[in-house]
Amino acid sequence: MPQRSRLVISIAICLCMCAGCSKKDATRSAQEIPLDQVVPSTAGPTQPQVVLEKTFSLKTSATFPFQIPSHAARPHLHGIFQSFIGKAGGVSGDAANIEFVILNEEQQAAVANDQPSEALFSVESSHNQAVNFDLPPSMNQPVKYYLAFHNAQGSKSNKVVEANFRVDF
């Protein structure tokens with residue numbers, strides 16, 4: 001067999017082997033990628049999702065759930081709340097102070113069962129607060145969180161809260 005033919009055959013065999021190896025590597029890496037990894041969205045930026053846009057009366061406490069969809073790489077909660085004595089737009093100052101926390105499901109369950117729990121984020125004694133908080137990334141399941149407002153003075157001092165919160169993914 002002439003030298004040129006051997007060279008062509010050798011190159012063809014090498015190319016076939018390389019193509020086979022690449023195919024196996026691509027297949028193997030696709031199988032090894034965990035399904036619960038966080039993947040940035042290819043759809044581009046989304047509009048902020050309204051979490052809470054409400055004026056409500058607060059005697060003792062109020063809790064508002066919201067959900068982050070699966071595979072949210074960088075969920076960011078932002079908003080503001082303001083509290084008043086008696087009615088919206090009324091007296092606001094130290095007498096109108098309330099507590100605010102952000103809880104995950106486990107923390108909310110502990111609070112609901114009167115067990116001690118930490119919060120992801122908390123504000124104590126405020127009547128006007130801006131909140132900017134990066135939530136943990138969600139994996140392959142949606143994640144539920146809670147915005148909780150608490151009137152430390154209880155039903156002795158009825159307060160009204162104006163709250164506007166949104167989340168970006």
Side-chain angles (χ1 to χ4, degrees), residues 26 29-154 157-169:
S29 65
Q31 291 171 348
E32 291 174 359
I33 295 174
L35 295 175
D36 62 348
Q37 78 178 25
V38 176
V39 181
S41 173
T42 57
T46 60
Q47 294 294 322
Q49 176 185 336
V50 174
V51 170
L52 179 63
E53 194 170 70
K54 186 173 186 172
T55 300
F56 57 94
S57 179
L58 183 66
K59 291 186 187 245
T60 55
S61 64
T63 303
F64 301 93
F66 68 99
Q67 193 165 330
I68 301 297
S70 60
H71 303 288
R74 296 173 48 194
H76 179 78
L77 178 75
H78 55 96
I80 189 166
F81 70 85
Q82 188 169 7
S83 58
F84 306 93
I85 300 280
K87 64 178 182 171
V91 176
S92 184
D94 289 346
N97 284 353
I98 61 172
E99 297 170 0
F100 169 78
V101 295
I102 301 171
L103 305 167
N104 62 25
E105 281 190 282
E106 184 179 302
Q107 294 163 337
Q108 172 61 23
V111 169
N113 291 319
D114 292 325
Q115 297 173 348
S117 177
E118 293 185 13
L120 293 173
F121 178 87
S122 65
V123 174
E124 293 183 24
S125 298
S126 180
H127 57 276
N128 188 352
Q129 185 72 42
V131 175
N132 281 297
F133 183 69
D134 289 325
L135 295 161
S138 60
M139 298 299 186
N140 64 340
Q141 296 292 322
V143 180
K144 197 170 196 178
Y145 293 100
Y146 300 84
L147 301 180
F149 300 85
H150 180 70
N151 181 359
Q153 296 175 352
S157 173
N158 190 36
K159 296 176 183 167
V160 173
V161 179
E162 288 180 356
N164 293 296
F165 286 90
R166 289 173 172 52
V167 67
D168 298 311
F169 303 108

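In this chain, numbering begins with 1 at the start of the sequence shown.
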Decide side chain to side chain contact (heavy atoms under 4.5 Å, CB included) for L77 and F66; before the verdict, give the C-alpha distance in whole Å, the side-chain angles of both, and the deciding distance to 0.1 Å. CA-CA 11 Å; L77 178 75; F66 68 99; 4.3 Å; yes
For residues 94-107, which residue pairs pass the side-chain hydrogen bond (donor to acceptor under 3.5 Å, both in side chains) check, not counting sequence neighbours? N97-H127
Residues pairing under side-chain hydrogen bond (donor to acceptor under 3.5 Å, both in side chains) where one sits in residues 112-123, two or more places apart or in two chains, turn out to be none
Does some side-chain heavy atom of [Y] sit less than 4.5 Å from a side-chain heavy atom of [X]?
X    : Y    : result
H78  : V131 : no
L147 : I102 : yes
F64  : K54  : yes
I80  : N128 : yes

Mind checking what makes ring-ring contact (aromatic ring centres under 6.0 Å, His included) contact with F100, not counting sequence neighbours? F81, F149, F165
Residues which pass salt bridge (charged side-chain N to carboxylate O under 4.0 Å, His left out) with E53, listed by chain and number, not counting sequence neighbours: R166
Holding to side-chain hydrogen bond (donor to acceptor under 3.5 Å, both in side chains), I want the full list of residues that pass it with H76, two or more places apart in sequence or in another chain.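 side-chain hydrogen bond (donor to acceptor under 3.5 Å, both in side chains) list for H76, sorted by chain: N132, D134.
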Who passes side-chain hydrogen bond (donor to acceptor under 3.5 Å, both in side chains) against S70, sequence neighbours left out? none
Nearest 0.5 angstrom please: F169 CZ to L135 CG, how far? 9.0 Å
Return yes if some donor-acceptor pair links the side-chain N/O of S57 with the main-chain N/O of V160 below 3.5 Å, else return no. no
Quick check: does any side chain N or O of S92 sit under 3.5 Å from a backbone N or O of S83, one acting as donor and the other as acceptor?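 Yes, S92 side chain to S83 backbone: donor-acceptor pair under 3.5 Å.
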